[in-house]
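We count ligands from 1, going down the list as the structure has it; atoms in each ligand are counted the same way.
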Amino acid sequence: MMMVGERQKVIILGSTGSIGQMTLEVIQQFPDQFEIVGLAAGSNASLLLEQAITFRPKAVSLYREEKSSTLHKEFSSLGLKLLTGPEAADKLVEEFKADIVVAAIPGIESLKPTLIAVRQAKRVALASKEALVVAGNLIMEEAKRRGTEIIPVDSEHCGVFQCLRKEKKEDISRVILTASGGPFFETPIAELAYKSVEEALAHPRWKMGKKITIDSATMMNKGLELIEARWLFDLKPQQLAVLVHPQSIVHSLVELIDGSVLAQLSVTDMRLPIQFALCYPKRVTRFLPSLNLSEIRRLEFFEVDEERFPLIRLAFQALEKGGSFPVALNAANEVAVSSFIEGKIAFPEISKIVKAVMDEHDFRPAETLEEILEIDRETREKTIKLINLGL
Ligand code: MG
């Protein structure tokens, strides 16, 4: 039983990223309900220090190795411990018990700490979609066994979660995730080869981290979200669909067997799903602007053009094949996206490379953490080789 006045202890994995920073903003609105006990960052030590000064956690961690004793001293002068290295976030979650862990590390790096969080915390507010894409079964089984709540922070999944709160599983006919279409929704396909990293990073609706923004431009983000939804809501691949909705007001739709369609709408602001995941099942008064539909006036929906966005089809295929396919898909995509950001390949090559890797991939089971990490490692190697060959 929670005592009146007792605050929920929160650890944020990925505190210096976009979701992490917004989570801290939300927590600042509810100082009597939440208390930050740990913050895990990747490499941004100066922002982590600023956050630590404001929120006074018990410990912080950096993914990068940090030998500099001045940095360690700066943190210890605040009375807190600095853990460093690739396993630092794992240790943070293990040592400093939290009620809620917000998992917001991008990429497969999120897998281990998220899995540990599922074992340790009462609730995981999950933004790290890649963790579910590669290890959905493992994470959901573990959550069931431990009685851990997994509340999605992804806006589409938060919408589905809200639509399904009072519905029976057998009454769900289809779940439709909406996609903004990203910056290249209307760009002539022939021009995509000349699109720069800056142009791909200029997302029309959402302000997010680099990896997810490029994934939105290729629509792989929606592909990953399909796989994420399959695990979160225990759906069959044929129950999942995507519609392009450039206004990003309707976050998802749930069609029930009687033909009713439920939808969740809100202003385009990630602080809402974050707040929902932290406060659930309580509804708290918004600090966001109200949704004014008469001002927006038009809500449009389009089918996905798979010629323009071939990764969507690959994601559907990986979802249907299961096993090692989603792991390989994610690994090839992570490598291809980094290569694009580093200027090594052109934009359309992201999907070409991922397709080439997937065409060669053979099914293997991917049930344990070791199997998953091994498939991930092998696929990364293959993808790097293909890129270096100048496919
Ligand atoms: Mg999303």
* To do: Go through E349 and K352 one step at a time and tell me if the salt bridge (Lys or Arg N to Asp or Glu O under 4.0 Å) criterion holds.
  => CA-CA 5 Å; E349 286 177 71; K352 281 187 195 144; over 6 Å; no
* If a pair satisfies side chain to side chain donor-acceptor pair (under 3.5 Å) and one of its residues is in residues 84-98, list it, with sequence neighbours excluded. => K81-E95, K97-Q120
* Determine, step by step, whether E360 and K382 satisfy the salt bridge (Lys or Arg N to Asp or Glu O under 4.0 Å) criterion, reporting the C-alpha distance in whole Å, the side-chain angles of both residues, the deciding distance to 0.1 Å, and the verdict. => CA-CA 10 Å; E360 276 182 23; K382 276 186 200 158; 5.7 Å; no
* Asked: What residue pairs, at least two apart or across chains, pass side chain to side chain donor-acceptor pair (under 3.5 Å) with a residue in residues 164-174?
  -> S173-E255
* What pair of heavy atoms forms the shortest contact from H361 to F325, and how long is it? -> O-CZ, 3.5 Å
* Asked: Residues two or more places apart in sequence or in another chain: which of them pass ring-ring contact (aromatic ring centres under 6.0 Å, His included) with F363?
  -> none
* Which protein N, O or S atoms does the Mg ion (ligand 1) have within a distance shorter than 2.8 Å? -> D154 OD1, E156 OE1, E225 OE2
